[in-house]
Amino acid sequence: MIDHIGIGVTDIAKAQDFYAKALKPLGIGVIMEFPEAVGLGEPGKAFWLGQDKASLAHIAFAAKDRAAVDAFYKAAMAAGGKDNGGPGLRPQYHANYYGAFVLDPDGHNIEAVCHTPE
């Protein structure tokens, strides 16, 4: 489980728009905004975006079920994400690993994953 994580982005407004749309199906929204930083999530469990030179990252968000993974992927693609592995089982990780991967506007590898059987 992620408590909080932060990444640098090249365009805070573009990144905030992307993440607000892509993470909405997972029940994640903006909780705090500053001129050069935005927090999404809930108090004590936040994902932070900071205006900075981007360094690539991989971040996996927990999804309650496979339908949420599918919805994340669809929303992320519609928000301008780039495909990095569509929704599906990844048995190389374990039998019930169901995930989807997209690249955000800065090239970070963003994933939604569900670990339970369908």
Interatomic spacing from [atom1] in [X] to [atom2] in [Y] - rounded to 0.5 Å:
| X | Y | atom1 | atom2 | value |
| --- | --- | --- | --- | --- |
| Leu103 | Asp83 | CG | CG | 8.0 Å |
| Asp11 | Asp106 | CG | CG | 8.0 Å |
| Glu33 | Leu49 | CD | CG | 10.5 Å |
| Lys14 | Asp104 | NZ | CG | 9.5 Å |
| Tyr97 | Thr116 | OH | OG1 | 13.0 Å |
| Asp65 | Glu118 | CG | CD | 9.5 Å |

Answer yes if the ring centres of [X] and [Y] are under 6.0 angstrom apart, and no otherwise.
| X | Y | value |
| --- | --- | --- |
| Phe101 | Tyr73 | no |
| His58 | His108 | no |
| Phe72 | Phe61 | no |

Cluster question for you: counting only ILVMFWY and a side-chain heavy-atom cut-off of under 4.5 Å, with indirect links fine, are [X] and [Y] together?
| X | Y | answer |
| --- | --- | --- |
| Val113 | Ile59 | no |
| Leu26 | Ile7 | yes |
| Val102 | Tyr19 | yes |
| Val30 | Leu23 | yes |

Looking only at non-hydrogen atoms, find the nearest pair between Phe18 and Ala76 and report the distance.
CE1-O, 3.5 Å
State which residue, out of Val38, Leu40, Val9, fulfils the side-chain contact (heavy atoms from CB on, under 4.5 Å) condition with Gln16.
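Exactly one candidate clears the test, Val38.
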Taking only Lys NZ, Arg NE, NH1 and NH2, and the carboxylate oxygens of Asp or Glu, determine whether Asp17 and Lys21 approach each other closer than 4.0 Å.
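Looking at Lys21 together with Asp17, the answer is yes, because their closest N to O distance falls below 4.0 Å.
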